[in-house]
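For reference, the structure discussed in these notes is given below.
Worth knowing before you read on, the calculation uses all heavy atoms, side chains too, and leaves out hydrogens, waters and symmetry mates.
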Number of protein chains: 2
Amino acid sequence: MKKQESPIVYIVDDDPSVRRSLARLIRLEGFRVETFAQAQDFLDEKERTDPSCLVLDVNLPGRSGLDLQRELSSRGYSMPIVFITGYGTIPMSVQAMKDGAVEFLEKPVNDQVFLKAVHQAVEKDRQMKRQYMELKEIQQRLASLTPREREVLPLVVSGMLNKQIAFKLGMTEKTIKVHRARIMEKMEADSLADLVRLAQKGGIDFQKS
Amino acid sequence: MKKQESPIVYIVDDDPSVRRSLARLIRLEGFRVETFAQAQDFLDEKERTDPSCLVLDVNLPGRSGLDLQRELSSRGYSMPIVFITGYGTIPMSVQAMKDGAVEFLEKPVNDQVFLKAVHQAVEKDRQMKRQYMELKEIQQRLASLTPREREVLPLVVSGMLNKQIAFKLGMTEKTIKVHRARIMEKMEADSLADLVRLAQKGGIDFQKS
DNA sequence: GATGCTATTGGACTTTGGTCCAATAACCAT
DNA sequence: ATGGTTATTGGACCAAAGTCCAATAGCATC
């Protein structure tokens with residue numbers, strides 16, 4: 001395990017004075033800060049494993065804040081966003097919130113309201129990263145299954161008996177037992193109940209015949 | 001089963017001409033409509049089992065639209081809401097969206113955009129009602145369990161063996177078997193996998209010792 | 001006090017699932 | 001061709017779970 005670092009807040013705003021004042025405010029909260037003048041600069045960075053969030057100006061030169069939001073989510077790379085804007089409209093704010101923004105604030109922002117939103121966004125990111133890690137772990141285990149095992153798994157978690165599964169697949173009950181044991185081992189499930197939950201989180205279908 | 005009726009759209013707006021024109025628009029879409037001049041009138045109605053949604057003016061005399069939204073959700077009675085407003089602000093729209101509004105539109109509303117939002121809201125209500133019905137059904141089954149059975153259930157779905165459960169509760173394995181059989185019967189689960197899913201949907205805890 | 005529900009346990013027996021050891025065959029890659 | 005993975009099956013055996021039938025005891029309600 002990596003040592004627990006303080007969360008990092010990314011600020012994208014074309015106004016240097018805004019960047020400076022927000023950065024100062026955030027640093028006082030004990031967070032790390034990185035600032036960018038344009039959306040593209042932010043996108044060029046890689047590797048963001050620490051808990052983090054994005055403070056984003058809606059009106060940016062070139063790629064707008066809303067564009068960046070969509071770009072990020074289309075990359076399956078969603079980071080909680082706190083929008084700030086000088087000249088926002090209701091449709092803008094509605095669109096931002098629909099796309100999952102944590103908050104949408106008008107300049108000048110109230111410090112307390114802003115910091116509360118940042119804290120909330122960071123917390124949300126923590127949750128999402130935790131979820132994501134768990135999902136990745138489960139999918140990794142699923143990937144270690146052989147084709148046959150992947151075929152048997154959904155039938156097992158659907159509640160079918162070994163005998164029934166064997167019949168459905170035209171095999172012996174004995175064979176199913178072996179597959180089943182391997183599945184339990186590879187998925188690191190220590191009970192059927194466990195396996196059902198793991199399969200569910202991993203997105204395994206299990207409609208009964 | 002009740003005959004499938006067309007969805008019903010509730011409109012709350014203090015402007016009679018707005019009520020009339022929106023109502024006409026919605027009726028042409030094949031929905032039923034009920035209009036109200038104030039939030040309180042809407043709240044006084046009961047029994048809303050059909051798929052439905054709420055079209056709500058933010059600026060109402062007396063209880064505002066946002067108040068009504070909060071009031072509804074605090075009653076655990078959430079109906080998808082499409083907000084419309086003549087004099088809205090960004091904070092208003094953000095608050096509404098945070099509280100789960102489907103859409104927040106400024107007057108005069110574009111007919112197509114409005115109708116799309118209404119359709120979406122009705123669809124969301126359908127989903128939620130379906131979910132809710134399923135949950136109610138499961139909770140009803142859970143309610144039919146005796147205290148002992150309710151105690152045994154979480155242990156069963158945690159993956160513990162009858163033997164282990166018996167030891168933990170200071171009973172015989174035999175007794176657990178009986179409870180377990182009754183649980184399966186009352187929950188209408190036809191396999192352990194099924195029971196695990198039912199318990200999960202019903203919100204049963206199952207941390208392992 | 002009789003009835004009904006809940007909780008508990010026993011015995012006998014069957015079915016199902018899991019374990020250990022072992023074997024065969026197909027296929028792929030070095 | 002030899003070794004590794006995958007898929008398949010067998011036998012023996014044990015452990016766990018489910019299924020009958022049956023019994024006792026507490027507790028509340030009528």
Side-chain angles (χ1 to χ4, degrees), chain A residues 138-200 202 204-209, chain B residues 138-200 202 204-209:
Chain A
I138 292 174
Q139 286 180 339
Q140 199 166 321
R141 293 180 199 171
L142 285 172
S144 76
L145 298 180
T146 67
R148 216 26 154 177
E149 286 160 4
R150 234 188 305 284
E151 195 175 3
V152 172
L153 172 55
L155 302 179
V156 168
V157 299
S158 82
M160 287 173 75
L161 300 179
N162 287 341
K163 189 188 295 186
Q164 299 172 313
I165 297 173
F167 178 75
K168 189 183 184 88
L169 299 182
M171 286 180 295
T172 323
E173 186 185 345
K174 181 64 222 228
T175 309
I176 302 302
K177 279 190 181 184
V178 174
H179 288 319
R180 189 167 177 151
R182 293 252 166 74
I183 290 171
M184 294 293 287
E185 190 190 352
K186 288 184 181 176
M187 294 301 291
E188 297 176 39
D190 46 47
S191 68
L192 176 59
D194 230 41
L195 187 67
V196 170
R197 282 186 285 268
L198 286 170
Q200 193 157 291
I204 298 296
D205 290 349
F206 51 82
Q207 38 273 22
K208 54 187 65 174
S209 48
Chain B
I138 293 173
Q139 285 180 339
Q140 199 166 321
R141 292 180 199 173
L142 284 172
S144 76
L145 299 180
T146 66
R148 223 12 157 185
E149 287 161 2
R150 234 187 305 285
E151 194 175 4
V152 172
L153 173 55
L155 303 177
V156 168
V157 299
S158 81
M160 287 173 73
L161 300 178
N162 287 341
K163 192 188 292 186
Q164 299 172 312
I165 297 173
F167 178 75
K168 190 182 183 87
L169 299 183
M171 286 180 294
T172 322
E173 187 186 346
K174 182 62 223 229
T175 309
I176 302 301
K177 279 191 181 182
V178 175
H179 287 319
R180 189 166 179 152
R182 293 251 167 76
I183 290 170
M184 293 293 287
E185 190 190 352
K186 288 184 181 176
M187 294 302 291
E188 297 176 39
D190 46 46
S191 69
L192 176 58
D194 229 44
L195 187 67
V196 170
R197 282 186 285 269
L198 285 170
Q200 193 158 290
I204 297 295
D205 290 349
F206 52 83
Q207 37 272 24
K208 56 186 65 171
S209 50

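Counting to the nearest Å, the P atom of D:dT9 and the CD1 atom of A:Ile165 are 14 Å from each other. The separation between A:Glu151 atom CD and D:dA7 atom C1' is 12 Å, rounded to whole Å. Note: CZ (A:Arg182) to P (C:dG18) measures 14 Å, nearest angstrom. To the nearest angstrom, P of C:dT9 lies 10 Å from CG of B:Leu169. When rounded to the nearest whole Å, the span between CG of B:Leu145 and P of C:dC5 equals 16 Å. Rounded to whole angstrom, the span from the CD1 atom of A:Ile176 across to the P atom of D:dG10 amounts to 13 Å.
Here B:Met160 contributes atom CE and A:Asp190 contributes atom CG; the two are 12.0 Å apart, rounded to the nearest 0.5 Å. Separation of atoms CD (A:Glu151) and CG (A:Leu145) is listed at 12.0 Å; rounding is to 0.5 Å.
A donor-acceptor pair under 3.5 Å is absent between the side-chain atoms of A:Thr172 and the main chain of A:Thr175, judged by distance alone.
Considering all non-hydrogen atoms of both residues, A:Ile138 and A:Leu198 come closest at CG2-O, 3.6 Å. In terms of heavy atoms, B:Glu173 sits closest to B:Ala166 at N-CB, 3.6 Å.
When distances run from any side-chain atom of B:Met171 to the nucleotides D:dA7, C:dA7, C:dT9, the shortest one goes to C:dT9.
The rotation axes computed at either terminus of the helix from C:dG1-D:dC30 to C:dT30-D:dA1 lie 40° apart, taking five pairs at each end and rounding to 10 degrees.
Between D:dT9 and A:Thr175, a contact under 4.0 Å exists linking OP1 or OP2 to a side-chain N or O. For the pair A:His179 and D:dT8, the criterion of a side-chain N or O lying under 4.0 Å from OP1 or OP2 is met. Regarding contacts with the backbone of D:dT9, a side-chain N or O of A:Thr172 is found under 4.0 angstrom from either OP1 or OP2.
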Would you please test B:Leu195 and B:Leu153 for side-chain contact (heavy atoms from CB on, under 4.5 Å) and show each step? CA-CA 9 Å; B:Leu195 187 67; B:Leu153 173 55; 3.9 Å; yes

Give the intermediate values and the outcome of side-chain contact (heavy atoms from CB on, under 4.5 Å) for residues A:Leu155 and A:Ile176. CA-CA 10 Å; A:Leu155 302 179; A:Ile176 302 302; over 6 Å; no

I need a per-nucleotide contact map over nucleotides 13-30 of chain D, read 5' to 3'. Cutoff is protein heavy atoms under 4.0 Å; write B for the base, S for backbone only, - otherwise. ---SBBBB----------

Spell out protein contact along nucleotides 24-30 of chain C as letters: B when the base is contacted, S when just the sugar-phosphate is, - when no protein heavy atom is under 4.0 Å; keep the 5' to 3' order. -------

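Here the side chains of A:Asp205 and A:Pro154 are not in contact, with every heavy-atom distance at 4.5 Å or above. Using a 4.5 Å cut-off on side-chain heavy atoms (C-beta onward), A:Arg180 and A:Leu192 make contact. Side chains of B:Thr146 and B:Lys186 form a contact here, defined as non-hydrogen atoms less than 4.5 Å apart.
Between A:Glu185 and A:Arg182 no salt bridge is recorded (no basic side-chain N to carboxylate O distance below 4.0 Å).
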